[in-house]
Amino acid sequence: MPELPEVEVTRLGLIPLLNKTICRVDIRNHSLRWPINKNLPKILKNQQLVELKRRSKYILAKFTNGTLIIHLGMSGHLSILPLTSPIQKHDHVDFIFHNDGPILRYTDPRRFGSILWTQNNPMEHKLLFNLGPEPLDNDFDANYLYKKIKGKKQCIKSAIMDAHNVVGIGNIYASEALFYSKIRPQRRSCNVTKKEYSDLVKFIKIVIKDAIIKGGSSMSDFFDVSGENGYFQNEHKVYGREGMLCYACESIITQKRIAQRSSFFCKKCQK
DNA sequence: CTGTAGACCTGGAGGC
DNA sequence: TGCCTCCAGGTCTACA
């Protein structure tokens, strides 16, 4: 489900919970990607949510005495619900604020997500400390990306999806940014020109920004914490459009498996 | 060090 | 209906 825009939309939706205090945590299933700390209910009781940040696709929810590091995996979802909201099959964790709600509920059918607790600086956590730059930060520019991956034989799509190079770009936005940049996803990074890197960085920023503004891409199941759909999926130029006409040249959009991930591109527009 | 394949897990879609 | 196969927004780990 979630790439950077969907995670950021989720984070923004959690802001109404700021400064609220947790009175209870119910864990119905501990086994996410990594097991949830069994002491979490005890640890979080009476702690106040003081800050909501994001790094890469991780939501960092800072409490009085530490930080929850939340990743939504492929199918994870957070929602803000009233206390009486019925529990569904994949609702694994409830964070209950005050005595009478609201609940912050973590739902995740595939359980590829994670909920980790740290008392240290989360940026130094082993999952976060060696990540690449945020795509919207100024230190992610054409020069940086060119220097970082120009020598690699790996295909350009895999390279921009590698969080060591730049974070937050998943399968949808990689295909979209490469379309706007007129670069075929299977091109090797070492064969991409400096001018193309410049376009690629420019369009990665545009696509990510635009997707955040439009509430993310709601494919089969993404919706924000209030249950609202994003509508960036209506803007997809190539992702999920195999067999349909390219909006730019009216050729047929091609789907091809590249590095185990399905990829979409226009053979005519993208060289 | 580099790049790739496998692993984790559930559910939905489509074929027979 | 039911069973089977394939596919899905991620990314860590093991291995060549």
Side-chain angles (χ1 to χ4, degrees), chain A residues 1-11 28-36 54-59 69-78 88-93 106-116 125-132 135 148-178 185-191 204 207-208 211-212 214-224 229-236 238-243 255-264:
Chain A
M1 169 219 297
E3 300 184 33
L4 189 150
E6 291 74 34
V7 176
E8 180 63 8
V9 167
T10 299
R11 184 189 72 86
R28 285 175 286 271
N29 189 345
H30 288 81
S31 83
L32 299 185
R33 172 140 203 194
W34 293 283
I36 301 175
R54 180 192 54 72
R55 172 75 172 111
S56 185
K57 295 169 190 166
Y58 296 94
I59 290 171
I69 302 175
I70 302 172
H71 197 291
L72 302 174
M74 290 277 255
S75 57
H77 178 246
L78 287 167
Q88 312 282 328
K89 189 173 179 189
H90 302 292
D91 295 341
H92 305 309
V93 185
Y106 181 80
T107 307
D108 188 357
R110 294 177 74 180
R111 290 187 279 116
F112 286 173
S114 53
I115 297 177
L116 301 167
H125 191 278
K126 110 180 192 189
L127 293 172
L128 303 191
F129 84 100
N130 61 354
L131 292 172
K148 184 83 179 172
I149 63 175
K150 70 172 197 285
K152 293 189 186 289
K153 288 183 179 169
Q154 187 187 33
C155 70
I156 188 69
K157 177 165 177 266
S158 301
I160 61 172
M161 288 174 68
D162 183 340
H164 296 104
N165 299 325
V166 54
V167 302
I169 301 163
N171 208 31
I172 295 176
Y173 299 108
S175 278
E176 293 299 302
L178 286 163
Q186 59 272 59
R187 286 261 300 282
R188 290 174 189 271
S189 303
C190 55
N191 295 332
I204 284 171
V207 166
I208 296 281
I212 293 170
K214 291 178 174 144
S217 296
S218 296
M219 298 307 288
S220 58
D221 59 4
F222 177 75
F223 38 98
D224 70 14
N229 280 323
Y231 49 100
F232 193 75
Q233 68 282 0
N234 302 325
E235 315 263 329
H236 292 174
V238 287
Y239 186 87
R241 297 195 64 245
E242 74 279 12
Q255 177 178 21
K256 189 176 176 171
R257 215 155 172 86
I258 299 169
Q260 279 74 248
R261 306 301 297 275
S262 73
S263 308
F264 303 84

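First the proteins, then the strands, lettered A, B, ... as listed; each starts at 1.
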| Just how far, in rounded Å, is C1' of dG6(B) from CE of M74(A)? | 14 Å
| task | Pull out every stem in DNA chain B, meaning runs of 3 or more consecutive Watson-Crick or G-U wobble pairs with both distances under 3.5 Å. | result | B:2-8 with C:10-16, B:10-16 with C:2-8
| What is the ring orientation for F223(A) with H77(A), classed by angle as parallel under 30°, tilted 30 to 60°, or perpendicular over 60°? | tilted
| task | Starting at atom CG of L128(A), determine the distance to atom C1' of dC12(C), rounded to an integer number of angstrom. | result | 14 Å
| Side chains of I160(A) and L178(A): closer than 4.5 Å at any heavy-atom pair? | yes
| task | Round to the nearest Å and state the distance from D162(A) atom CG to dC12(C) atom C1'. | result | 12 Å
| field | Under-4.0 Å side-chain N/O to phosphate OP1/OP2 contact, Y58(A) with dG10(C) | value | no
| Between N165(A) (CG) and dG10(C) (P), how many Å, whole number? | 15 Å
| query | Quick one: which of dG10(C), dG9(C), dG3(B) gets closest to the side chain of S262(A)? | reply | dG9(C)
| dG9(C) and dG3(B), which share atom name C1', separated by this distance in whole Å | 23 Å
| Counting any heavy atom closer than 4.0 Å, what does F232(A) reach on the DNA or RNA strands: base, sugar-phosphate only, or nothing? | nothing
| said: Under the criterion side-chain contact (heavy atoms from CB on, under 4.5 Å), I'd like the reasoning laid out for R54(A) against L4(A): C-alpha separation, chi angles, the key distance, then a yes or no. | reply: CA-CA 9 Å; R54(A) 180 192 54 72; L4(A) 189 150; 3.3 Å; yes
| query | Which parts of nucleotides 7-15 of chain B does protein reach within less than 4.0 Å, heavy atoms only, written one letter per nucleotide 5' to 3' as B for base, S for sugar-phosphate only and - for none? | reply | -BBBS----
| query | Is there a side-chain polar atom (N or O) of K153(A) under 4.0 Å from OP1 or OP2 of dT2(B)? | reply | no
| request: Give one of base, sugar-phosphate or nothing for S158(A), where a contact means two heavy atoms less than 4.0 Å apart. | output: nothing
| said: Please determine whether the number of non-hydrogen atoms from other residues, nucleotides or ligands lying under 6.0 Å from atom CZ of R28(A) exceeds 12. | reply: yes
| request: Rounded off to whole Å, could you give me the CD-to-P distance for the Q255(A) and dA8(C) pair? | output: 7 Å
| query | Run the side-chain contact (heavy atoms from CB on, under 4.5 Å) check on S31(A) and R111(A) step by step: do they pass? | reply | CA-CA 7 Å; S31(A) 83; R111(A) 290 187 279 116; 2.8 Å; yes
| field | Whole-angstrom distance between dT11(C) and dG12(B), as gauged at atom C1' | value | 23 Å
| message | Can you list everything that forms a side-chain contact (heavy atoms from CB on, under 4.5 Å) with T10(A)? Sequence neighbours excluded, please. | response | I59(A), L72(A), L78(A), F222(A), V225(A)
| field | Pairing residues for Y173(A) by the ring pair (Phe, Tyr, Trp, His ring centres under 6.0 Å) criterion, not counting sequence neighbours | value | F232(A)
| note | To the nearest angstrom, the CD-P distance between E6(A) and dG10(C) comes to 9 Å
| query | So which one's nearest nucleotide on DNA chain C is more toward 5', K126(A) or Q260(A)? | reply | Q260(A)
| note | Of the candidates dG9(C), dT13(C), dG3(B), the side chain of Q154(A) sits closest to dG3(B)
| With sequence neighbours excluded, residues passing side-chain contact (heavy atoms from CB on, under 4.5 Å) with H90(A) | H92(A), T107(A), P109(A)
| message | Counting only side-chain nitrogens and oxygens, does R261(A) get under 4.0 Å of the OP1 or OP2 atom of dG9(C)? | response | yes
| task | For R257(A) and for H164(A), find the nucleotide of DNA chain C with the closest heavy atom, then tell me which residue's nucleotide is more 5'. | result | R257(A)
| Could you state the CD-C1' distance from Q186(A) to dT4(B), rounded to the nearest angstrom? | 17 Å
| Atom NZ of K256(A) to atom C1' of dC7(C): distance rounded to whole Å? | 19 Å
| request: Only counting residues at least two apart or in another chain, list the ones meeting side-chain contact (heavy atoms from CB on, under 4.5 Å) with A177(A). | output: L200(A), I204(A)
| remark: On a heavy-atom basis, the closest approach of S56(A) and V167(A) is OG-CB, 3.4 Å
